[in-house]
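Computed from a prediction, not measured in an experiment: that's the story for all the values here. Whatever order the structure lists them in is the order used to number ligands and atoms, beginning at 1.
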Amino acid sequence: MRANGLLIAIDGTAGTGKSSVGLAVAAKLGYGFLSTGEMYRALAYKVFEKGIDPASHDEVLALAQNLKFTFERQPSSALKMFVDGEFLGPKLHLEEVGNVASKVSTNKEARAVLTRRQREVGQNGGVVMEGRDIGTVVFPDADIKFYLDASAEERAKRRVKQLQEAGKAADYDAILALIKERDWRDSHRAVAPLKPAEDAVVVDTSRLNMQQVIDFVTEKISQYAS
Ligand code: DC
């Protein structure tokens, strides 16, 4: 156990509810919650804003080195992220930003910069950290690791429902294609590819609702802690 409690890693494919599960579990434990995808999304947003080619290795790296990430713990448990003092919020969750994030996250040196910052946040424990490579690269020594997955079709259905509930237009086929493209890129990149850590608890969420996943993860953590 670290100074502030356990370090819990939640990895998995996009759209499996990692963030909702992670936040709920962190709130139950009184821990902080960090979604590391937000950091890749912030880098992508800045790349997009400055008109940089996401494939331009040196320019993306220089930008990553110059971004200043700060975090403020919220009553919800979330670690609210500020980039150069600015809260970027919902802008980071546009479909296009997620896709550019998946591209810039193939940049090995830029990943190293973000990984270093993530380690600073989690090293004392008392944190649930969610991403793609937390259990494999950022914290291979995490106290407990989860890997959430679901079929691409199920995840596309969930995303369409989410967008419709927010009153936005949603095209199932386009969303499914984007999810498959992102999965392929995330799991085939040379650096820190998406895969379950050998000691991760793998959870197929295709037939589970959010509450069932939260209950399962909570139960595993209490078994570990007892
Ligand atoms: O979890 P998310 O959809 O917000 O992540 C956006 C992208 O960031 C995702 O396609 C891959 C990348 N990412 C990563 O490479 N490593 C992480 N630890 C988190 C996200």
Checklist entry - Would you say D186 and ligand 1 have an N/O pair spaced under 3.5 Å apart? => result yes
Checklist entry - Does D186 pair with R132 as a salt bridge, N-O distance under 4.0 Å? => result yes
Checklist entry - Does R41 come within less than 4.0 Å of E38, counting only side-chain N to carboxylate O? => result no
Checklist entry - So, is the end of the K157 side chain (NZ or CZ) under 6.0 Å from the ring centre of Y172 and within 45° of the ring's axis? => result no
Item to check | Ion pair check, K91 and E86, cut-off under 4.0 Å | outcome: yes
Item to check | Any N or O of R182 closer than 3.5 Å to N or O of ligand 1 | outcome: yes
Item to check | Element-labelled atoms of ligand 1 that are located less than 4.0 Å from some non-hydrogen atom of D133 | outcome: 16 (N), 17 (C), 18 (N)
Item to check | For R41, the ligand 1 atoms whose distance to one of its heavy atoms is below 4.0 Å | outcome: 2 (P), 3 (O), 4 (O), 6 (C)
Checklist entry - R111 heavy atoms, cut-off 4.0 Å: which ligand 1 atoms fall inside? => result 14 (C), 15 (O), 16 (N)
Checklist entry - Quick one: nearest non-hydrogen protein atom to atom 19 (C) of ligand 1, plus distance? => result T36 OG1, 3.5 Å
Next on the checklist: Under 3.5 Å between any N/O of K18 and any N/O of ligand 1: does that happen in this structure?
Outcome noted: no
Checklist entry - Do ligand 1 and E38 have nitrogen or oxygen atoms that lie under 3.5 Å from each other? => result no
Checklist entry - If you measure from the Lys or Arg side-chain nitrogens to the Asp or Glu carboxylate oxygens, is any gap between D141 and R2 under 4.0 Å? => result yes
Checklist entry - Is the closest side-chain donor-acceptor distance between T106 and R185 under 3.5 Å? => result no
Next on the checklist: Between L208 and V203, does the side chain to side chain contact (heavy atoms under 4.5 Å, CB included) criterion hold? Intermediate values first, please.
Outcome noted: CA-CA 10 Å; L208 301 176; V203 191; 4.2 Å; yes
Checklist entry - Can you tell me the protein heavy atom closest to atom 8 (O) of ligand 1 and the distance? => result Y40 CB, 3.4 Å
Item to check | Residue-ligand contact R189/ligand 1, heavy atom below 4.0 Å | outcome: yes
Checklist entry - Numbering the atoms of ligand 1 from 1, which are under 4.0 Å from a heavy atom of G131? => result 18 (N), 19 (C)
Checklist entry - R132 to ligand 1: N or O pair under 3.5 Å? => result yes
Checklist outcome for this item: Residue pairs meeting side chain to side chain donor-acceptor pair (under 3.5 Å), one or both in residues 195-211, sequence neighbours left out, come to K145-D199, R158-T205, D204-S206, Q211-D215
Next on the checklist: Closer than 4.0 Å to some heavy atom of S105 - which atoms of ligand 1 meet that?
Outcome noted: 11 (C), 12 (C), 15 (O)
Next on the checklist: Give me the residue, atom name and distance of the protein heavy atom closest to atom 7 (C) of ligand 1.
Outcome noted: A101 CB, 3.7 Å
Next on the checklist: Any salt bridge linking K180 with E153? Criterion: basic side-chain nitrogen under 4.0 Å from a carboxylate oxygen.
Outcome noted: yes
